[in-house]
Amino acid sequence: MTDNAGPDGPTQLEIYRRVALLKANDERSRKVILAGRLVMPYYSYRGQEIIPSVMSAVLNDDDYLVTIYRGIHDMLAKGMPLKDLWAEVAGRVDGTCKGKGGPMHLTYPKKGIMVTTGIVGSSMPIANGIAWGSRILKNGRVAVATFGDGASNIGAFHESLNLASLWKLPVIFLCQNNLYGEHTSYERATSVKRIADRAAGYDMPGVRVDGNDPIAMFKAAKQAVDRARAGEGPTLIEAMTFRFQGHVFGDADNYMNKAQKAAAVEADPVPIFRARLISEGIASEDELAAIEAEIERQIDEAVEFALASPFPELSELTTDVYAEGPAA
Amino acid sequence: MTDNAGPDGPTQLEIYRRVALLKANDERSRKVILAGRLVMPYYSYRGQEIIPSVMSAVLNDDDYLVTIYRGIHDMLAKGMPLKDLWAEVAGRVDGTCKGKGGPMHLTYPKKGIMVTTGIVGSSMPIANGIAWGSRILKNGRVAVATFGDGASNIGAFHESLNLASLWKLPVIFLCQNNLYGEHTSYERATSVKRIADRAAGYDMPGVRVDGNDPIAMFKAAKQAVDRARAGEGPTLIEAMTFRFQGHVFGDADNYMNKAQKAAAVEADPVPIFRARLISEGIASEDELAAIEAEIERQIDEAVEFALASPFPELSELTTDVYAEGPAA
Amino acid sequence: MSESATKMKRVTNIQAINAAIADAMAEDDMVLVLGEDVADPEEGGVIGVTKGLSSRFGEERVKSTPIAEQAIIGAAIGASLVGFKPVAEIMLMNFTTVAMDMIVNHAAKLRFMSGGQTHVPMVVRTMTGVGMGSGGQHADYLEAWFAHSAGLKVVAPSNPADAYGLMRAAINDPDTVIYIENLPSAWTQGDAPEPGHVVPIGTAKVVKEGSDVTIVSYSRIVNDALAAAAMVEEEGISVEVIDLRTVVPWDKEAVFASLGKTGRCCVVHEAVAQFGVGAEIAAVVSKEFYGRLKAPVARLGAPYAPVPYSKPLESAYAPSARQIADEVIGLMA
Amino acid sequence: MSESATKMKRVTNIQAINAAIADAMAEDDMVLVLGEDVADPEEGGVIGVTKGLSSRFGEERVKSTPIAEQAIIGAAIGASLVGFKPVAEIMLMNFTTVAMDMIVNHAAKLRFMSGGQTHVPMVVRTMTGVGMGSGGQHADYLEAWFAHSAGLKVVAPSNPADAYGLMRAAINDPDTVIYIENLPSAWTQGDAPEPGHVVPIGTAKVVKEGSDVTIVSYSRIVNDALAAAAMVEEEGISVEVIDLRTVVPWDKEAVFASLGKTGRCCVVHEAVAQFGVGAEIAAVVSKEFYGRLKAPVARLGAPYAPVPYSKPLESAYAPSARQIADEVIGLMA
Ligand SMILES: Cc1ncc(C[n+]2csc(CCOP(=O)(O)OP(=O)(O)O)c2C)c(N)n1
Ligand SMILES: Cc1ncc(C[n+]2csc(CCOP(=O)(O)OP(=O)(O)O)c2C)c(N)n1
Ligand SMILES: [Mg+2]
Ligand SMILES: [Mg+2]
């Protein structure tokens with residue numbers, strides 16, 4: 001029922017627009033932190049930009065996303081406005097969550113970004129429920145749960161995939177396999193060679209794909225989303241990628257394999273994608289440079305907006321706990 | 001490294017001795033409850049006798065077992081004395097646990113019966129730790145975790161199999177697939193056709209075997225135990241069987257498929273095994289009848305012993321909470 | 001089953017809860033039910049609390065699940081986030097231990113962490129209580145854990161009419177409500193609720209008036225408190241019994257009003273006494289009535305130990321009417 | 001690292017805990033370590049608490065695990081049952097929510113349920129505390145949950161020397177000990193412990209003597225209590241500060257002795273005040289000192305809300321030295 005076409009030129013350019021935004025935003029985040037303008041726990045996604053950029057190009061605006069602490073790339077790709085995002089990570093009232101959630105709990109239902117969790121594995125059970133709701137409402141929306149390779153070893157993964165398959169839910173389990181879970185390498189934590197192979201244990205399609213290849217990633221994402229929307233059930237996608245930085249910005253990352261890391265950085269998917277867009281005539285150097293310049297400008301604006309936004313009042317400490325206000 | 005021989009005659013007779021004990025004990029338990037001599041939540045294992053009888057014939061006395069609420073068959077097969085067992089389910093001081101544990105928490109370390117749990121899935125993570133300890137001590141002992149088909153859908157299953165495989169632990173995951181988890185049929189709860197197939201997701205051997213066939217079960221158990229003892233790591237055994245009674249004794253079991261149940265009872269593995277022993281000349285009718293009579297006698301004795309044993313003192317309410325006695 | 005329950009004179013707790021969920025589902029398409037064995041092919045729950053619901057409302061709204069409590073609560077949270085009002089069953093309270101992340105890190109906090117953008121209007125039904133002879137892992141009262149977790153509400157009815165009214169309130173509540181059912185008294189009868197009867201969350205009820213001592217309690221053991229009151233009445237002690245019904249937020253006003261009369265307080269619950277809900281109530285009361293109490297606040301709960309199996313021990317585990325009566329008498333000494 | 005720590009004059013909490021585990025492992029082959037990232041290929045833990053241990057004692061005794069908290073605690077329980085003394089790390093306290101079944105239904109209860117045949121002498125190390133800017137799911141103090149679960153012990157040191165001494169005691173303890181480390185003060189220095197120094201579980205310490213008010217506290221916030229004591233001292237109020245060090249079993253004798261002098265009590269912890277450990281202490285003290293207190297027992301804890309992200313809110317979440325001081329002043333009014 002789904003064809004196997006890759007993205008056309010305009011779609012690729014659309015994807016690149018996101019990729020460039022994500023990369024620039026990551027670099028700016030680290031710069032702002034290093035400059036001491038902002039203090040926050042920051043989980044860099046540098047190297048993983050292609051995956052969510054493609055996924056969001058395949059999704060509709062009103063499809064749902066449940067993501068994790070390392071998920072700012074997912075959110076930006078899904079359409080979270082830069083200003084709201086920056087104000088939130090700066091802990092200001094103009095943030096998506098009035099500054100109360102922070103970088104690990106950004107939420108933006110207007111673009112379907114329903115939950116960001118800091119608990120490994122917890123995106124999946126919740127995405128199931130959203131997908132169940134979609135199906136009852138027959139609104140055609142699908143839900144995507146993103147998570148890491150490390151998360152594929154925790155109980156919630158297992159329970160979620162079993163339930164989703166049994167219930168044939170319109171959900172996509174998107175594993176971003178960056179080969180590390182905190183300080184632990186893939187092989188030291190995961191007993192199976194390919195996480196995608198675990199899908200068979202749930203009678204669910206499982207596909208391992210090069211998440212840094214926009215064409216391959218597009219095909220895999222499209223197939224999964226089409227399947228979900230057609231009521232055929234969930235898919236597990238294992239998108240291979242790499243985390244260029246340590247687990248949390250500032251850690252020494254001595255636990256990472258130096259050669260493996262150097263090779264991955266050498267094969268940075270963003271400049272490769274960019275070069276191909278030009279070589280294939282999809283966009284000119286000037287066009288891309290203009291896009292990138294515009295992104296920088298928007299980030300400038302967002303950062304300044306965020307840092308000028310006020311902190312929340314202390315009364316916020318006890319609001320939003322219950323609908324009615326403070327209790328007990 | 002392991003041959004594929006079935007059990008020899010004496011071993012089969014040894015297995016039958018256990019099978020007969022288990023069956024007689026289950027029937028007696030229900031009788032004693034029906035007669036009102038004992039009140040207890042009773043999870044009948046009738047129909048599943050072959051599995052633990054074979055498994056324990058393959059294990060040594062000092063190998064370990066972690067079992068579940070529906071596990072009295074496992075414990076008897078592993079060597080828990082009848083008197084201690086009956087006194088425990090009767091809540092008396094002469095019980096294995098002084099009456100404090102009860103039928104869901106029988107424990108008997110003298111025969112390696114380390115934990116009986118009432119929480120679905122929880123036998124597995126604990127068995128891993130016991131196996132880890134065995135390996136450190138280099139004592140050659142293996143650990144068996146038994147659990148049901150329903151338990152294969154809970155998170156602890158997944159975490160345990162992954163860890164056991166990664167650590168190459170001397171542990172056997174013995175799933176007794178009786179096609180129901182409480183009131184829910186296998187297909188309504190489990191997304192995969194064969195639980196054994198989930199083993200591939202942990203790079204672990206997984207085998208589905210007819211758990212009611214002593215020969216097939218023996219081969220599977222032997223291979224898994226040999227593998228574990230040889231330091232080659234864990235195995236998942238899915239032993240197919242059927243629960244002749246409802247989930248807990250007394251429930252109406254309308255949720256069970258009548259035809260399926262009738263067919264299973266018709267194919268009761270115990271008389272089949274018994275008849276084969278005779279037809280193959282492994283034992284005579286008289287020998288088996290004598291064994292069975294002796295078992296009945298022992299059970300008589302155990303029941304009377306148990307019911308004559310005193311209840312624990314009220315001071316037991318707060319002992320065994322900490323080593324030092326009552327706290328806080 | 002459901003329609004009739006509110007037409008009968010006497011109903012069991014099971015019938016009352018069943019009727020409450022059924023009535024809510026009939027009124028509002030957004031009410032869902034999920035949990036192990038809850039649909040009719042599985043007999044509508046281990047003890048039939050949700051019987052008939054899937055036949056009446058369909059298996060898309062009433063879903064039996066695998067044994068997977070994280071998946072159950074996760075699905076309920078997700079559905080909540082897109083506008084549904086799920087009633088999720090965690091069969092026994094001890095099994096919430098495998099779902100605490102979903103309940104406490106997520107359901108309780110999403111409203112706050114999202115700055116009010118999302119919320120989780122689900123109900124978590126769960127059964128517990130000693131008396132079934134099931135030993136150490138099936139009968140704990142863990143309401144203190146949930147009470148300590150801001151963002152959750154906790155209710156625990158003692159009788160069918162309140163069970164109905166609190167369920168209706170819980171389903172309508174915009175936040176997550178932990179709804180605690182006592183298992184051994186599930187089959188106990190009481191007066192039937194009026195259809196549509198709502199017991200507002202946070203409202204206690206004076207179930208017996210009195211002037212000497214106030215007993216504060218909730219869940220099944222309220223009935224023992226009433227029995228204790230009757231016992232001491234014979235000795236001339238007049239006891240007021242307050243059924244909190246809601247543990248969070250507990251009805252301070254009602255408790256304070258009663259203590260204003262009696263000046264003596266005994267908190268009773270089935271949970272372990274140490275670090276239990278009674279500690280919070282005793283601490284608040286001791287402070288609020290500093291210098292005005294006629295005796296120190298008494299607390300009664302289970303001993304600091306797991307639930308034992310052996311019948312005589314199990315029977316002695318939760319405070320008995322006799323023990324409550326003795327405690328009350330002690331307050332008058 | 002370990003050998004030197006007890007030779008240095010000043011050490012961090014990290015160094016002290018590291019030294020305690022290393023010394024215990026050197027003395028006893030049965031001591032094991034497991035948890036996420038704990039071995040040296042993973043840098044000996046996210047903040048290096050177990051650094052050097054796997055290199056010194058081998059990867060069979062010091063094992064990094066997958067992200068699977070049930071598997072971690074399960075493995076520790078299993079090893080405990082066959083004679084080992086495992087030190088299991090659950091990186092942050094909020095992640096105990098996925099392992100509560102193993103901890104509460106199993107570790108805490110196996111001794112009791114087996115009638116004393118088995119026991120679980122494991123230590124569960126876990127870090128928590130506000131101040132890292134990590135928001136709602138990484139900084140909760142949940143000791144009240146464990147305290148309410150009979151069969152567990154709970155300790156929470158406030159300084160490196162106690163951290164060392166309590167770890168040594170916890171490893172030697174025949175029962176499960178929940179060992180709570182404050183994350184933001186992990187790098188804070190204090191006097192180094194003597195090698196082999198043991199702080200017996202259940203013993204509080206008077207960290208400052210005084211005669212007007214007793215502050216009862218534990219974990220990092222003891223330091224704020226001391227600061228508060230210094231503040232009010234200037235106003236002529238003499239404060240005694242008790243560092244409980246052990247939450248279960250808490251040292252009633254020490255607290256009662258102090259209150260015998262002061263007659264005024266303020267309990268301070270970082271956990272949410274409502275239904276927190278402070279409630280138990282306040283309830284017990286109010287009863288024990290009925291009629292002898294000079295003021296109602298004060299309780300200070302976090303507000304009834306999740307931990308907020310925004311810095312000014314996060315900073316205002318746990319009670320500050322200033323707030324503690326004000327509360328103490330209030331007690332004198
Ligand atoms: C239940 C739980 N355990 C441990 C942690 C601590 N932790 C945070 S991120 C992380 C690594 C996760 O790795 P992976 O799933 O591969 O995602 P990645 O960070 O690589 O994107 C760990 C262990 C947590 N947040 N939740
Ligand atoms: C975590 C948890 N959830 C639910 C239950 C209630 N429960 C007890 S037994 C059972 C069914 C288990 O089925 P299965 O694993 O197939 O084992 P069987 O009883 O068939 O031997 C359930 C749901 C439980 N004990 N623990
Ligand atoms: Mg990763
Ligand atoms: Mg089964």
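Below, chains carry the letters A, B, ... as their sequence lines are ordered, and counting in each starts from 1. Being a predicted model, the structure only gives us computed values, none of them experimental.
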**Student:** Under 4.5 Å between any side-chain heavy atoms of Q137(C) and M104(B), yes or no?
**Tutor:**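 In short, these two side chains do not touch, never coming nearer than 4.5 Å.
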
**Student:** Nearest 0.5 angstrom please: I119(B) CD1 to T97(C) OG1, how far?
**Tutor:**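 That separation rounds to 5.5 Å.
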
**Student:** To the nearest 0.5 Å, what is the distance between CD1 (I67(C)) and OG1 (T190(B))?
**Tutor:**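 With rounding to 0.5 Å, CD1 (I67(C)) is 8.5 Å from OG1 (T190(B)).
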
**Student:** Would you check if Y304(C) and T318(B) make a side-chain contact, meaning some heavy-atom pair closer than 4.5 Å?
**Tutor:**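 With C-beta onward as the side chain, the pair stays apart.
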
**Student:** Does any part of the side chain of P103(B), heavy atoms only, come nearer than 4.5 Å to the side chain of Y309(C), both counted from C-beta?
**Tutor:**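 Side chain of Y309(C) against side chain of P103(B), heavy atoms only: contact under 4.5 Å found.
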
**Student:** Checking T117(B) against chain C: side chain, backbone, both or neither under 4.5 Å from a heavy atom?
**Tutor:**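 Both backbone and side chain.
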
**Student:** Can you tell if the side chain of I154(B) reaches within under 4.5 Å of the side chain of E69(C), non-hydrogen atoms only?
**Tutor:**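 They are in side-chain contact.
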
**Student:** Distance check, rounded to the nearest 0.5 Å: Y255(B) atom OH versus D40(C) atom CG?
**Tutor:**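 Spacing of OH (Y255(B)) from CG (D40(C)) equals 14.5 Å.
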
**Student:** Should P308(C) and L317(B) count as side-chain neighbours, where that means a heavy-atom distance under 4.5 Å?
**Tutor:**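 Result yes, sub-4.5 Å side-chain heavy-atom pair found.
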
**Student:** Find the one option among P312(C), A305(C), A316(C) whose heavy-atom pairs under 4.5 Å with chain B are most numerous.
**Tutor:**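 So the answer, after comparing P312(C), A305(C), A316(C), is P312(C).
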
**Student:** Can you measure from CD (E316(B)) to OG (S310(C)) and round to the nearest 0.5 angstrom?
**Tutor:**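 E316(B) CD to S310(C) OG: 9.5 Å, rounded to 0.5 Å.
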
**Student:** Out of G99(B), A151(B), G95(B), S185(B), which one racks up the most heavy-atom pairs below 4.5 Å with chain C?
**Tutor:**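 Most pairs with chain C among the choices: G99(B).
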
**Student:** Roughly how far, to the nearest 0.5 Å, is the CD atom of E313(B) from the CG atom of L313(C)?
**Tutor:**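 Going from CG on L313(C) over to CD on E313(B), the span is 9.5 Å.
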
**Student:** Using 0.5 Å steps for rounding, measure from the CG atom of L38(B) to the NZ atom of K311(C).
**Tutor:**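 With rounding to 0.5 Å, CG (L38(B)) is 11.5 Å from NZ (K311(C)).
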
**Student:** What part of A39(C) gets closer than 4.5 Å to chain B, counting heavy atoms only: side chain, backbone, both or neither?
**Tutor:**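 It is the side chain, since no backbone atom gets that close.
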
**Student:** With a 4.5 angstrom heavy-atom cut-off, is it the side chain or the backbone of V248(B) that approaches chain C, or both, or neither?
**Tutor:**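 Neither part.
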
**Student:** Top residue by heavy-atom pair count (under 4.5 Å) with chain C, among K100(B), E182(B), R92(B)?
**Tutor:**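 When all of K100(B), E182(B), R92(B) are compared, E182(B) has the most.
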
**Student:** Quick one, M132(C) and P41(B) - any side-chain contact, counting heavy atoms below 4.5 Å?
**Tutor:**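 In short, these two side chains do not touch, never coming nearer than 4.5 Å.
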
**Student:** Taking every non-hydrogen pair under 4.5 Å, which of V89(B), V93(B), D251(B) racks up the most with chain C?
**Tutor:**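 Greatest number of close heavy-atom pairs with chain C: V89(B).
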
**Student:** Is any side-chain heavy atom of H183(B) closer than 4.5 Å to a side-chain heavy atom of E36(C)?
**Tutor:**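 The answer is no, as the side chains (C-beta and beyond) never meet within the 4.5 Å cut-off.
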
**Student:** Less than 4.5 Å apart, side chain to side chain, heavy atoms only: is that true for R188(B) and P41(C)?
**Tutor:**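 They are in contact (side-chain heavy atoms under 4.5 Å apart), so the answer is yes.
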
